[in-house]
Structure formats: structure tokens, C-alpha cells
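Here is how names work: the chains are called A, B, and so on, in the same order as the sequence lines, proteins then strands, and each is numbered from 1.
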Protein chains: 2
Amino acid sequence: MDKQTITIYDVAREAGVSMATVSRVVNGNPNVKPTTRKKVLEVIDRLDYRPNAVARGLASKKTTTVGVIIPDVTNLYFSSLARGIDDIASMYKYNIILANSDENEQKEVQVLNTLLAKQVDGVIFMGNKITEELRAEFSRSRTPVVLAGTVDPDEQVGSVNIDYETATKDSVELLLENGHKKIAFVSESHDEPINGQFRLKGYKQALKDASIEYDENLVFQSEYTYKVGEAVYEQLIKVDATAVVVADDELAVGILNAALDRGVSVPEDFEIITSNNSKLTEMTRPQLSTVVQPLYDIGAVAMRLLTKLMNKEEIDEKTVKLPYTIAGKGSTK
Amino acid sequence: MDKQTITIYDVAREAGVSMATVSRVVNGNPNVKPTTRKKVLEVIDRLDYRPNAVARGLASKKTTTVGVIIPDVTNLYFSSLARGIDDIASMYKYNIILANSDENEQKEVQVLNTLLAKQVDGVIFMGNKITEELRAEFSRSRTPVVLAGTVDPDEQVGSVNIDYETATKDSVELLLENGHKKIAFVSESHDEPINGQFRLKGYKQALKDASIEYDENLVFQSEYTYKVGEAVYEQLIKVDATAVVVADDELAVGILNAALDRGVSVPEDFEIITSNNSKLTEMTRPQLSTVVQPLYDIGAVAMRLLTKLMNKEEIDEKTVKLPYTIAGKGSTK
DNA sequence: ACAAGAAATGAAAACAATTTCAACATAAAC
DNA sequence: GTTTATGTTGAAATTGTTTTCATTTCTTGT
């Protein structure tokens, strides 16, 4: 009546062997006589038997599934990482449970818990801040965790990033070389280590090296969306900034367009450099100068690292920093 | 030594009740005396018991997980759908296993099979063409399937779309009203029903209504990427097209930029209308005129439909068409 | 106070695999 | 031709729940 499923038991009976033997055949265990293997395979084929991964997961305590917590799939920065993650995951026969968190701390914890309840073999976390609660959950479970494009100063779990500090420093220096004195810096909340600790530090350092005094009026915290670009640009001109370092591409496009819509020439009258090198940076006119992050690779390497942790392999360095470059495109001279 | 997990059995023992009672408490079954419920809850809290979803899935034959097959998360059209899917899914306590297919028929089948092996309660498929093999798998398993932004002329499974034919017809008519005679049409392969059957039909119909003869030299099949925009634009000017209807936003941006980079004014000298209304359409200058598809809603409605199918609820209409509009933005007069 | 119906509980059987360990068969060694 | 080692196999336990069904405990009406 109900969906009559073929189980390993049916195959065993039909092939005249035990379930154990069928299991061995299915799992490629070499301790099976070739003739019986063939016989079992033939029955599997005839009955169209498909192993039940849930039962397998219960018995073996492995689900070949990893949880991926992402702020928003719709954000090109994160979706690029996600693509790298999924490709490597499927290369290693894992599947991905993807969950959007909106960077909401409560959702993050809640989602992490349901992933752990589902017995994922590992977790890749993308977000910004690792709250205490999150950290507690990480260590409570034995499940390996890797952060992608996300840093935890605590360094208790694996992580893959670039050196945001020097990348930002390089960005600012590019603008300094172009003669700017009033360079603004726009990122999300400084509560997040990537912004508040690393990027801001790089920004300050570059200014210091150029003997320009740090002016906190030039530093802004804003959400990462296209639509706030208008408002942010208004603030930038209010403080007479002539150039800006932006931590997110979508926001950078918003700022660029706000400038263009006001008849301001970019890069002649205003320069912009952004941080992610998502596809967006080449879609605007002028194209956006940017830090070139290896987005796909950050995801891919994070997933690869996770496979090693799940296999309990020896890890040389679980905090990895990938190389970046700076691409001067059209939004800087 | 190993990850010593607390099981329902531990809770039962500690609370002096049976596993069945603990199970009832955990699942909110009302047939439990308030005092024992309280006692059990207290033990659950004290031991920090978390139910194992895999065991639960095996026993109940429900995983509260749905599979989502997506061509590429990195494509804003699809990721927008995916976001709608995930939001509704989590609203109904489901998780999403996301798998990229690259629209590769072989991968699609393979991925579908691993999803079914993982006993997902339902599948949402985004792609283009439902091959015979895919269709066979769909009906082989009793697992409900809903197509999102994807049409199967067969209409055997649920689906959520817009009316691509009239949307395209409307798009062409907008350009006709602006006086164009040589309007090109660019989409992916005509093997896909959305393009070859519906959009192309709408294109032809609009021309016919305007008594303009159909010219197949004005019709192009191209992949949906930004970078081929250049090449496509070259072809468009070669056939003297003065306007174009594009089936994908990213490709449309590529074409727009190719035109702009050659000093062609849009919309004065060349008009473009695209089809998805992804964020990209507002990020370009000029902004792209477009068919306004309710992307998020397509995903959301698809997931909602799937929940009904999974619950075996009565469905009035499993082939749903959502409304669309046309937004004349900056790339048309 | 008692029968009858309802509510609360527990024992044990699924669920569909893997895994352990003992048993048997075969091959190699002497 | 034993003995020993190695290769194959199966029985049964295990995994952590849900679910069924029988049993016990309450209510309630008379």
C-alpha cells in the first residue's frame, strides 16, 4: 500500500546471503568472493535497491552531510563562497544543508542547533561575529567547525580568510598615492572583528604611515545593501571625503551610482575601492577597483579543511589565510 | 571517551518513566499528565538532552528536510528563488539540502538520486528541461516534487512560474511601440520549454500582431553569463538589430555594457529589455527595463505548495502562475 | 460505590542499515 | 596430511527514535 521500499533484507533473502554480505557489497568492502559479489549486485540491480541513507546514518553515525550557515544566499559574496563549498563537498561525497541566518545571532544559534540535531558531520559558518553563545555550542558538540570568510580572534575552530588588515591598508595606500587626504572608510558594524579589528586597523595604519591624522568622522558603519548607498554617499560628501574604501561590493555599487546620479565623475572627482571582487565589480561602469579576494577558493579551502577535520587527519594549520591582490579598475585613477 | 550522547533512554531512566513518555513530551503529545511532563522536561533540561533527528527520521519516516536542486547559487535569479524557498521552509520547520547542478542533465539525475537516498520529504527542482530520465525518477519515488521557475509541459508535478509567453509578448510590444522593426531575441537553448516554447512563441506572436515578418536571424541562443555579452552584442549589430529582448539579467548587463563601451547610447540608439528583475537591473546605469518577476515569491510559493503536497493536503491547482508586470526603466524609452 | 469511558503510561516491535565476532571454508606451509 | 594463516560468511547486537497496543490509572455519571 504505502511506498513499498526494497530493503537490504529483501536483497539478502533474494540473493541467498546475509544482510552483512549485502552491506559489504554495497560499501565496496573487498572481503567478498567475486562470485557472490556478482550475484548480489545482480539482485540489487534487479530489485532496484537503493540504500536508505538515514538508516545508514543511524548505524554508522555518519550522515555525509555538512551544515552551512550563510547570512544570505542572495548576497554574491556569500553565494560565491557557498559555491566553492558545495563543489568540494560533492567532490568528497558530502551534501550541504544550507541555512540563511541574516546575521541574526538568535537565528544563528537556533539554526546551528537544528543542524547538530540532524547529526551533520561538520559545519561551515559564515557570519561575522562569533558570539559567546555560538562559541559555547561549537565546543559543546564534538562536531568540527570551519569559518569561511569569517574570523574568530579566539582561533578555536578552523577558518579560511584573507588578511583583511593589510588588504585594507593596501587599498587606502592606493588612494593616498592618488593624492587623497580625506579618505572615508565604510563597513558594517565595528563589533565584528573583521571590520572593527582588522580592516579599521589597516585603515588607521595606512593613514599613520602617511602622517595623516585619523578622523573618526570619516569612518562609517552601514549595512551592506545597495539601497543605502544613496544615504551613505550623502554622508560622505557632508564630511568632504574625496575617496572611499568600502567593505562590501553591493554597497559600493550603491555609492558609485549615487555619485554618478549626482553628476559626479568617478574616478575623476571621487574614487572608490571595494573589497570583494564579486561579479558586480565588473558589471558597473566604471568598473569598481577592488581587493581581489579568491571567493570561490575561500569556500573550497574551507570545505577541504573541514573534510580533513571530519576524517581526524593531521592538520598543519587550521587558521588559513589565502592571498589577495588589489585590482585598480575604473573607480580609481 | 567518544562523544557520549544523551539518549531518550537516559532521560527515561533518570525521570523514572518510559521512553514512550519522553517521546510524547518531546513531541508535544497532549496525552501526558502535566506533572510528569514537568518532571521529564526538568530532566531533559538538566541532562541537556537533544533528540537525534536521524533516529527520529528512521523511526518516523520523515526527515523534515527537502532537497533543492539549483543550477548555480551564484546566479541571482536562482538564489532569489532559493531565498524564498528557505524562508518558507524554515517557517514550516524544514531544512534545505542545496545542490548545484550546473544544468547538467547527468548531475541533475545523480543529485536527485542522492537526495532521494537521503529520504528527503520533498524536492524542489530548478533547472530548465525535465529530461525523460528525470521524469522517470520523479514518478519512481513517491516523493513530492515542485518545479520553481521551471516548466514541464507534462504538468505531472507541481510548478510555480509566471506566464513567460505573454511576458515576452509584452516586452516585444513595448519595443514595437517605441518604433523598432528589428527586435532581436536572446535566450538560452530552445530545447528548454521556457525559451523554445513559451518565450519564443510570445516573441513571434507580438511580431505577427504588428505585421512584422519573423526573421530567424534575429533570434539567438546563448548561455546566461555576463562575459558573453560582448560577443552577443557583436552579433546583434551584425544583423542591424536596434533593440533586444534578453531572457537573463546577467547576460543583459553584458550586452548593455558592450553597447556602452562602444559609445552607443542606451536607450537612445539601442534598447534593451530583460526578464528577471533581479537586483542587477537597478545597479546598472541606465537601469535595465525588465519583466518584473516575483522571484522571492516564486520560491516561497513553490515551497508552500510542497508543504501541502508533503502533508497530502488537497490542492486546488498544482500548476501555479504568478502575476508579473513590465517595468520600463532606463534601457527603454 | 461501581461500571464505563477516557486519560496516561509502558513494553516491545518497528525502522534499515552497520558492525562485531564467531564460525566456516579455503589456501599455504611444513 | 595436519597445522596454520587467510579469506568469506552470517547471526545477532547496535544505533536512537517513534509507534502500536495492551495495561493501568483516573474521571465521571448514576
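Smallest separation of non-hydrogen atoms from B/Leu295 and B/Leu81: O-CD2, 3.0 Å. Nearest heavy-atom pair across A/Tyr77 and A/Gly149 is OH-CA, 3.6 Å. Between A/Val40 and A/Val11, the shortest heavy-atom distance links the atoms CG1-CG1, 4.3 Å.
Contacts between residues 10-27 of chain B and DNA chain C, defined by a heavy-atom separation below 4.0 Å, involve B/Gly16, B/Val17, B/Ser18, B/Ala20, B/Thr21, B/Arg24, listed by number.
Regarding A/Lys33, its NZ atom lies at a distance of 10 Å from the P atom of D/dG10, rounded to whole Å. The separation between B/Lys62 atom NZ and D/dT18 atom C1' is 11 Å, rounded to whole Å. Regarding A/Leu58, its CG atom lies at a distance of 14 Å from the P atom of C/dC15, rounded to whole Å. In this structure, A/Tyr9 places its OH atom 10 Å from P of D/dA11, rounding to the nearest Å. In this structure, B/Lys38 atom NZ and C/dA8 atom C1' are separated by 19 Å, rounded to whole Å. One can place CG of B/Asn29 at 17 Å from P of D/dT17, the figure rounded to the nearest angstrom.
With 3.5 Å as the limit, one finds a donor-acceptor pair spanning the side chains of A/Thr63 and A/Asp121. Side-chain contact annotation: B/Asn113 with B/Arg140, donor-acceptor N/O pair under 3.5 Å absent.
Neither OP1 nor OP2 of D/dT17 sits under 4.0 Å from any side-chain N or O of B/Lys61. Put simply, A/Tyr49 has a side-chain N or O that comes within less than 4.0 Å of OP1 or OP2 on C/dA17. The phosphate of D/dG16 (OP1 or OP2) has a side-chain N or O of B/Thr5 nearer than 4.0 angstrom. The phosphate of C/dT9 (OP1 or OP2) has a side-chain N or O of B/Thr36 nearer than 4.0 angstrom. Considering only side-chain N and O atoms, A/Thr7 lies nowhere under 4.0 angstrom from the phosphate OP1 or OP2 of C/dC15.
Mapped onto DNA chain C by nearest heavy atom, B/Asn31 and B/Ala59 fall at different nucleotides, with B/Asn31 at the one closer to the 5' end.
Under a 4.0 Å N-O distance rule, the pair A/Arg83/B/Asp102 qualifies as a salt bridge. Using a cut-off of 4.0 Å between Lys/Arg side-chain N and Asp/Glu carboxylate O, A/Arg46 and A/Glu42 are scored as salt-bridged.
Using a 4.0 Å heavy-atom cutoff across all strands shown, A/Arg37 reaches no nucleic acid atom at all.
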